[in-house]
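Working notes, beginning with the structure itself.
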Amino acid sequence: DVQLQASGGGLVQAGGSLRLSCAASGFPFDDHTISWFRQDPGKERELVSCINTRDGRAIYADSVKGRFTISSDNARGTVYLQMNSLNAEDMAIYYCAGGVFQGYGNRCPQWYEHDIRGKGTQVTVSS
């Protein structure tokens, strides 16, 4: 089956760190762009970051620049999101999604543009 599985969420204190994983299966991983999105109940889903697994080019939302790092381990078919200096505004369900894109410039593809979308993992930040 073609799927992406997000994991690694949990409860962390403000200022702490978490590393999320997005494991791919059933499709050629190294020609895809993998993106992370998040959604807090009652709010719209927002883009966090994306990475082109072929050349490693990464893009970040302004709200996470300097705190989050996205990386890809193509041998394992897994994309990671290292999240540091977490705060209450980072609390959400985090989803990963994948797709093949010819080019998207300096913005990540939108959620609906990805043809593979995984279930989320909850990140809770306590003050």
Side-chain angles (χ1 to χ4, degrees):
D1 291 346
V2 173
Q3 63 177 350
L4 290 169
Q5 180 64 55
S7 63
L11 174 64
V12 63
Q13 287 189 329
S17 299
L18 279 176
R19 188 177 79 158
L20 304 184
S21 299
C22 175
S25 60
F27 63 94
F29 180 78
D30 60 0
D31 67 352
H32 276 64
T33 291
I34 305 295
S35 305
W36 285 99
F37 295 83
R38 66 187 182 186
Q39 187 170 23
D40 204 15
K43 297 183 180 179
E44 292 186 358
R45 182 179 285 113
E46 65 171 336
L47 184 283
V48 176
S49 181
C50 65
I51 187 167
N52 183 310
T53 60
R54 182 180 296 274
D55 61 16
R57 187 170 73 97
I59 301 172
Y60 298 92
D62 288 344
S63 59
V64 307
K65 279 181 183 176
R67 299 188 299 122
F68 290 13
T69 302
I70 192 170
S71 62
S72 176
D73 184 339
N74 288 11
R76 295 180 182 272
T78 302
V79 166
Y80 302 99
L81 185 68
Q82 177 67 42
M83 307 187 296
N84 299 328
S85 302
L86 287 162
N87 58 57
E89 293 183 350
D90 299 315
M91 188 158 56
I93 300 173
Y94 284 69
Y95 302 85
C96 57
V100 177
F101 306 97
Q102 295 303 314
Y104 45 84
N106 292 322
R107 71 157 185 89
C108 295
Q110 296 299 306
W111 174 257
Y112 68 88
E113 296 178 290
H114 295 74
D115 56 5
I116 307 169
R117 304 171 208 168
K119 295 181 180 179
T121 184
Q122 175 73 53
V123 171
T124 302
V125 182
S126 65
S127 57

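Numbers here simply count residues along the sequence, with the first being 1.
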Take atom CZ of Arg76 as the centre, draw a 6.0 Å sphere, and report whether it contains more than 12 heavy atoms from other residues, nucleotides or ligands.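 12 or below, so no.
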
Nearest heavy-atom neighbours spanning [X] and [Y]:
X: Asp73; Y: Phe29; value: O-CE2, 4.1 Å
X: Cys50; Y: Ser35; value: CB-OG, 3.2 Å
X: Asn87; Y: Arg67; value: ND2-NH1, 3.6 Å
X: Gly9; Y: Thr121; value: N-OG1, 3.0 Å
X: Leu18; Y: Gly8; value: CD2-O, 3.9 Å
X: Gln39; Y: Arg45; value: OE1-NH2, 3.3 Å

First locate atom [atom1] of [X], then atom [atom2] of [Y], and finally report the distance between them rounded to the nearest 0.5 Å.
X: Ile59; Y: Ser49; atom1: CD1; atom2: OG; value: 8.0 Å
X: Gln82; Y: Leu20; atom1: CD; atom2: CG; value: 9.0 Å
X: Tyr94; Y: Leu81; atom1: OH; atom2: CG; value: 7.5 Å
X: Ile116; Y: Thr33; atom1: CD1; atom2: OG1; value: 11.0 Å

Other members of the hydrophobic cluster containing Leu47, with the 4.5 Å side-chain heavy-atom rule, please.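 Cluster partners of Leu47: Phe37, Ile93, Tyr95, Trp111.
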
Got a sec, which hydrophobics cluster with Val100, joining ILVMFWY side chains under 4.5 Å apart, including via others?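 Reading the cluster by chain and number, Val100 sits alone, since nothing else belongs.
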
Test item: [X] and [Y] side chains (from C-beta on) under 4.5 Å apart, heavy atoms:
X: Asp90; Y: Met83; value: no
X: Tyr60; Y: Ile51; value: no
X: Val64; Y: Glu89; value: no
X: His114; Y: Pro109; value: yes
X: Arg38; Y: Val123; value: no
X: Cys96; Y: Val79; value: no
X: Asn52; Y: Phe101; value: no

Can Cys22 and Ile34 be said to form a side chain to side chain contact (heavy atoms under 4.5 Å, CB included), step by step? CA-CA 9 Å; Cys22 175; Ile34 305 295; 4.1 Å; yes

Pair Ser17, Asn84: side-chain N/O donor-acceptor within cut-off below 3.5 Å: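 Their side chains do contain a donor-acceptor pair, which is all the 3.5 Å distance test asks for.
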
Using only atom types and a distance under 3.5 Å, with no angle test, would you say the side chain of Thr53 pairs donor to acceptor with the backbone of His32?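 Present.
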
Tell me whether Tyr80 shares a hydrophobic cluster with Val12, the cluster being built from Ile, Leu, Val, Met, Phe, Trp, Tyr side chains joined at under 4.5 Å. no

